[in-house]
Enquirer: 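Submitted below is the structure of interest, expressed as structure tokens.
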4 protein chains.
Amino acid sequence: MENSLRARTKSDVVVEFREAEIIDAVRRVIARSGFRNTSMEKVAEEAGISKGTLYLYFKNKEDLVRKATERGHAEMARSIEKLAQATIDPDDAIATYVRAMLVFCDQNEILFRAMDARPDSDGEKSATSVNRRIDHYVTILERIIDDRIQAGTYRKVHSRRVARMIVEAVRGVVIERLREPVGQRGDVENDVEMIVSVFGRGMSA
Amino acid sequence: MENSLRARTKSDVVVEFREAEIIDAVRRVIARSGFRNTSMEKVAEEAGISKGTLYLYFKNKEDLVRKATERGHAEMARSIEKLAQATIDPDDAIATYVRAMLVFCDQNEILFRAMDARPDSDGEKSATSVNRRIDHYVTILERIIDDRIQAGTYRKVHSRRVARMIVEAVRGVVIERLREPVGQRGDVENDVEMIVSVFGRGMSA
Amino acid sequence: MENSLRARTKSDVVVEFREAEIIDAVRRVIARSGFRNTSMEKVAEEAGISKGTLYLYFKNKEDLVRKATERGHAEMARSIEKLAQATIDPDDAIATYVRAMLVFCDQNEILFRAMDARPDSDGEKSATSVNRRIDHYVTILERIIDDRIQAGTYRKVHSRRVARMIVEAVRGVVIERLREPVGQRGDVENDVEMIVSVFGRGMSA
Amino acid sequence: MENSLRARTKSDVVVEFREAEIIDAVRRVIARSGFRNTSMEKVAEEAGISKGTLYLYFKNKEDLVRKATERGHAEMARSIEKLAQATIDPDDAIATYVRAMLVFCDQNEILFRAMDARPDSDGEKSATSVNRRIDHYVTILERIIDDRIQAGTYRKVHSRRVARMIVEAVRGVVIERLREPVGQRGDVENDVEMIVSVFGRGMSA
DNA sequence: CATGAATGAGCCTTCATTCAT
DNA sequence: TATGAATGAAGGCTCATTCAT
């Protein structure tokens, strides 16, 4: 029984490792070629395995791409949450989130590019999954803003919209940063300070 | 000669008309189905012509899609410029642009959706074309901001980044607006006021 | 309008011709290689067209194969019916059908082989379509036998089973005939006479 | 040496046992899903072993399927031969064979279905193997008929063809029987009697 | 002996593009 | 100019087969 348990665990580890390897490959391919030009062939080549093997770990292409982007968002969420929990001062709440997003994108340029590409909405389905994730950050910020409004720190603004504005503004700053050579990007902290100060003053009572 | 000239001219008109018709069709298809599911077949059907005819007016699919989105941006630019030129007061410059963008997107939902869908960058090429257009607005806003900084109205901020933030923030607001039923979207002016006031205060000296 | 009608008709003729060409090709491939080894590639090659063209005339492989076998049975049915209607004497009814089947198979060896190959029943579905067709002949013979029983010419036998036996016996004779070199097959009429006499005596009152 | 011999023998038994297990599994899968949907995966699962193990006992899929159907025929042959040897009266020879075939198919519905499906002749090879087996029964019946013709019991008929007709007729009756619910199939003996009487009278001098 | 992960050839299908009419 | 039938490259997916463990 212990044997069986250990075997199971070992197998699980291998499976997880393979999945992670493949997902990393997908991200690189998407970041390099875009969704449209991401073929199973390319992914297999990038992962250093054969096409058929992909289907041992993922049901089909949709499944693979969805899991890759979802895992990307999950990683970002975890990273952000981790940073955010270290902060208690509500005055720094927004700064914390902005900083977390910025740092994460800075350090995961490939991942950001992969997530920023829209999975070519076939009408709705796949796009929804990505949007739902982004909405998550919007909602978190929305709540923070609401709190500050009730606390009297912020004036009465349409919190949902401002929250969305912040997320998109951060996205915009990331785009600008990624265009600059790494050496000239300047300290992340400067951009954090700028975003926070603009929105902070913008909403202050 | 005059004859030939007139014929030429007439022919040109017809060509432009056909191109415009096709481009409209492309936009509708993209807005409805996303880039991935936009086939030449669908476009031809939507335009009420045959597949082969598309190739008389556009070199290939990439050319067609690129021109469709570029023309979209051109239209937006023209529309915005038109609105912007009516304004002289520098205090209202940003408000004018924000309002123009918002109004335009509100009234051209299909075009916005088509332009917002990312053309599945095949690495870099096509995406660049879209980004270059967006950059145009960023640059305009950047100059306005620079002017106000020099005028002492705004404090010293990284004008390029804030300009980008504004553009992306507007995009965010449009996304939120388009999610709401048309009747409940609220007056555009409210959103304009909100965006302008947030960024205005945010940058005020 | 006449024009449009004529154009339509002409196009229809072309389409029908192409479909028939392709269906002939499918039959040859099935007869030669069996269902399992009948690929769209082989069919296209046999028909002298490209793979993609097949999909202009048939929805997919299943559609193509189904129509090919169904049309085969329809042809056989038409041919048999034609021969059968020329006969009025009820004493010759069975002989007529047997002769018709035998002659048809003799002259359409490829079609017979194609139809005799079993469509790789995916459990039930596709096989049903073929079996239903064969059942048709069984049912016709069943009625003839019932008539003769009531007329007192035949003794009381399980008409359905005997009808099935006759159809399968004919199939058996066809198989034997097709194994012999064409020159040595002997006159069809001899085989007809033999089958009819065996079953005629076998059922006689 | 004795040791080696004993080991060898024991090993042989195991091998045969495994082969039989696998062949049984193949039959069940074929009967359930048809040839087309019979994959090595399914067979392995049905046999409760791994895919790779199949290749320890059979060279490849073709070999496996061929042996499975051949063994099916061998079983039927053995069963028939057993019944036939109990009969001495030449008048009952045909009845004995017909009864044996019918009883065997009745009791081995799965096997019959597996054998009746055509193994998708890849040109000729595999089909031949099946046909050769069926030919065996035809040949036996052919000899019986020849004997009876020489004995003056039967009139002069084309013995080969009639033998084939009988085999196929039996097949037809089996098909009809298998379509009926088990409870309503009627006694096998009735069908035996019917077939024998039809062909007996049909060939009587 | 047994396993099952890995492979890759081969299949079906789609779709941008061409060209004869 | 306009058409749409034809093409064929390319993509997603399956499955018989192999091989390291």
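Order of the sequence lines sets the chain letters (A, B, ...), proteins ahead of strands, with each chain counted from 1.
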Enquirer: Given atom CG of Asp12(C) and atom P of dA5(F), what is their separation to the nearest angstrom?
Expert: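 Answer to the nearest Å: 11 Å.
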Enquirer: Which residues pass the side-chain hydrogen bond (donor to acceptor under 3.5 Å, both in side chains) test with Asp63(D), not counting sequence neighbours?
Expert: Arg66(D), Lys67(D)
Enquirer: Looking only at side-chain N and O atoms, does Ser39(D) come under 4.0 Å of OP1 or OP2 in dC15(F)?
Expert: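 For dC15(F), OP1/OP2 do not have a side-chain N/O of Ser39(D) under 4.0 Å.
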Enquirer: Restricting to side-chain hydrogen bond (donor to acceptor under 3.5 Å, both in side chains), what partner residues turn up for Arg18(C), sequence neighbours left out?
Expert: Glu21(C)
Enquirer: Quick check: on DNA chain E, is the nucleotide nearest Leu54(D) upstream (toward 5') of the one nearest Thr38(C), or the reverse? Name the residue that is more 5'.
Expert: Leu54(D)
Enquirer: DNA chain E: Gly48(A) or Tyr57(D), which has the more 5' nearest nucleotide?
Expert: Tyr57(D)
Enquirer: Can you tell me the distance, in whole Å, between the CG atom of Asn37(A) and the C1' atom of dG12(F)?
Expert: 15 Å
Enquirer: In whole Å, I'd like the distance from the CD1 atom of Ile49(C) to the P atom of dA5(F).
Expert: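 To the nearest whole Å, that distance equals 13 Å.
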Enquirer: Residues in side chain to side chain contact (heavy atoms under 4.5 Å, CB included) with Val15(B), at least two apart?
Expert: Ser11(B), Glu19(B), Tyr57(B)
Enquirer: Mind listing the residues from residues 15-24 of chain A sitting with a heavy atom below 4.0 Å of DNA chain E? Number order is fine.
Expert: Arg18(A)
Enquirer: Who pairs with Lys61(A) by salt bridge (Lys or Arg N to Asp or Glu O under 4.0 Å), at least two apart in sequence or on another chain?
Expert: none
Enquirer: Look at Ser50(C) and dG8(F) and indicate whether a side-chain polar atom (N or O) is within less than 4.0 Å of OP1 or OP2.
Expert: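 Indeed not, no polar side-chain atom of Ser50(C) lies that close.
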Enquirer: Starting at NZ of Lys42(B) and ending at C1' of dT14(E), how long is that distance when rounded to a whole Å?
Expert: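 It works out to 12 Å between those atoms.
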Enquirer: The test is side chain to side chain contact (heavy atoms under 4.5 Å, CB included); show your working for Thr53(D) and Phe58(D) and say whether it passes.
Expert: CA-CA 9 Å; Thr53(D) 305; Phe58(D) 300 91; over 6 Å; no
Enquirer: Which residues pass the side-chain hydrogen bond (donor to acceptor under 3.5 Å, both in side chains) test with Glu75(C), not counting sequence neighbours?
Expert: Arg27(C)
Enquirer: Measure from CG on Leu56(A) to C1' on dT7(E) and round the result to the nearest Å.
Expert: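 In whole Å, dT7(E) C1' lies 9 Å from Leu56(A) CG.
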Enquirer: Represent DNA chain E in dot-bracket notation, 5' to 3'. Only Watson-Crick or G-U wobble pairs with both distances under 3.5 Å count; pseudoknot-style crossings use [ ] and interstrand partners use |.
Expert: .||||||||||||||||||||
Enquirer: Atom CZ of Phe58(C) and atom P of dT14(E): how far apart are they, to the nearest Å?
Expert: 15 Å
Enquirer: For a side chain to side chain contact (heavy atoms under 4.5 Å, CB included) check, start with the C-alpha distance between Lys42(B) and Asn37(B), then their side-chain angles and the critical distance, and finish with the verdict.
Expert: CA-CA 9 Å; Lys42(B) 275 187 188 169; Asn37(B) 298 307; 3.8 Å; yes
Enquirer: Once side-chain hydrogen bond (donor to acceptor under 3.5 Å, both in side chains) is applied, do any residues pair with Glu16(B), and if so which ones, sequence neighbours excluded?
Expert: none
Enquirer: Taking the side chain as every heavy atom from C-beta outward, state whether Met40(D) and Leu64(D) have any pair of such atoms under 4.5 Å apart.
Expert: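 Contact flag for Met40(D)/Leu64(D) side chains = yes.
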Enquirer: Taking only residues two or more places apart in sequence or in another chain, which ones pass salt bridge (Lys or Arg N to Asp or Glu O under 4.0 Å) with Glu41(A)?
Expert: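 For Glu41(A), the residues satisfying salt bridge (Lys or Arg N to Asp or Glu O under 4.0 Å) (neighbours in sequence not counted) are Lys51(A).
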Enquirer: Using atom names, set out every protein N or O paired with an N or O of nucleotides 17-21 of chain F below 3.5 Å, distance rounded to 0.1 Å.
Expert:
unit_1  : atom_1 : unit_2   : atom_2 : d
dT17(F) : OP2    : Tyr55(D) : OH     : 3.1
dT17(F) : OP2    : Lys61(D) : N      : 2.7
dT17(F) : O4     : Lys51(D) : NZ     : 3.4

Enquirer: Considering only heavy atoms from C-beta outward, does the side chain of Glu46(A) approach that of Val26(A) to under 4.5 Å?
Expert: no
